[in-house]
Protein chains: 2
Amino acid sequence: MNANRPSANRPVYLKLRDQIAAAIIDGEYAEGAMLPSVRALAAEQGANPLTVAKAYQQFQNDGLVEVQRGVGMYVVRGAAERLRAADREAFLREEWPEIRARMERLGLNPADMMLAD
Amino acid sequence: MNANRPSANRPVYLKLRDQIAAAIIDGEYAEGAMLPSVRALAAEQGANPLTVAKAYQQFQNDGLVEVQRGVGMYVVRGAAERLRAADREAFLREEWPEIRARMERLGLNPADMMLAD
DNA sequence: CGAGGTGCATCAGTGCCATAATACAGCCAC
DNA sequence: GTGGCTGTATTATGGCACTGATGCACCTCG
């Protein structure tokens, strides 16, 4: 039955990207600290170094990490808060409307569910 | 910036499937009524008849629609409620935990947001 | 300088998705 | 029966995203 799983079968590089973003927001990858090397993270996650690099890519484009070629990638100051703010804005604008519509269709109430567990 | 859009770039046949499921749940495709033919819906949606057929496929497997070969496909009795129940269960089990975790990470509160707009 | 770590570019392979063109099988109204 | 509508099967093709392997450029440290 069923099948509505937008989050399932997600490309690896996107999963990694989300995971890294979460780690930055949570301070697990502290500001100023060096991110795991592409090879290291690849080995740890059982992925390809290129896939990890692809996951890192966008953080570079957005200026959230600083690349020191031949050395490593470092989390810039303010990255966590900037990332959280951007993600929150994007979530509210692009995901939440659909999620809320879907819940209403299914007869669910977000307010109740926060209290549920 | 950003990129967390699991729902973006979704295969057409899955979009159609979701759209059809929503129509059934909402009663837009009433129980006992005939679904649009694969060719008709394909033309309307600007898709390929095969792609539409692929979208219809799972509803047949799940016994939510009855196929009368040479005639058309009909929504079976109780399909809406069964579909809603299955989707709800799947949503709560597979999607909601991630969504809630994500919202908490972003500092959002579902309960507040239902009242917001 | 040399070894070992970094990120990065290039090429190739793979699989899923979507489309297309037919053709077939079943049902109905006329 | 005929024409026109249904769903379905077959085959082929193109595109695209993801993944993989290799090699290169760069930096640090001893």
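To find a chain, count down the sequence lines: A is the first, B the second, and so on, and within it residues start at 1.
- For D/dT19, neither phosphate oxygen OP1 nor OP2 lies less than 4.0 angstrom from any side-chain nitrogen or oxygen of A/N48.
- OP1 or OP2 of C/dT19 lies within a sub-4.0 Å distance of a side-chain N or O belonging to B/T51.
- Rounded to whole Å, the distance from CG on A/L16 to P on D/dG20 is 11 Å.
- Distances shorter than 4.0 Å separate some side-chain N or O of B/Y13 from OP1 or OP2 on C/dC17.
- Note on A/Q60: only backbone sugar-phosphate atoms sit closer than 4.0 angstrom, heavy atoms only; bases stay farther off.
- At least one side-chain heavy atom of A/Q45 sits under 4.5 Å from a side-chain heavy atom of A/L16.
- Nearest nucleotide to the side chain of B/P11, out of D/dG7, C/dC17, C/dT19: C/dC17.
- Using a 4.0 Å heavy-atom criterion, one finds that B/Y56 contacts no nucleic acid atom at all.
- The interatomic distance linking A/L35 (CG) with C/dG7 (C1') rounds to 12 Å, in whole Å.
- In the set C/dG7, D/dT22, D/dG7, D/dT22 carries the atom at the smallest distance from any side-chain atom of A/L50.
- Taking only distance into account, the side chain of A/R39 never meets the base of C/dG5 through a donor-acceptor pair shorter than 3.5 Å.
- Separating the CD atom of A/Q57 from the C1' atom of D/dC18 is a distance of 15 Å, rounded to the nearest angstrom.
- Here the closest heavy-atom approach between residue A/E66 and residue A/V76 is recorded as N-CG1, 3.7 Å.
- In this structure, B/K15 and B/R10 approach most closely via the heavy-atom pair CE-O, 3.1 Å.
- Taking the side chain as every heavy atom from C-beta outward, A/R82 and A/D62 never approach each other to under 4.5 Å.
- If you measure from atom OH of B/Y74 to atom P of D/dG7, you get 10 Å, rounded to the nearest angstrom.
- Closest to the A/K54 side chain, of the nucleotides C/dC17, D/dT19, D/dG7, is D/dT19.
- A 4.5 Å side-chain heavy-atom check between B/L35 and B/F59 finds every atom pair outside the cut-off.
- When distances run from any side-chain atom of B/R69 to the nucleotides D/dC26, D/dT8, C/dC28, the shortest one goes to D/dT8.
- Residue A/Q68 contributes atom CD, which lies 16 Å from atom C1' of C/dC8 at whole-angstrom precision.
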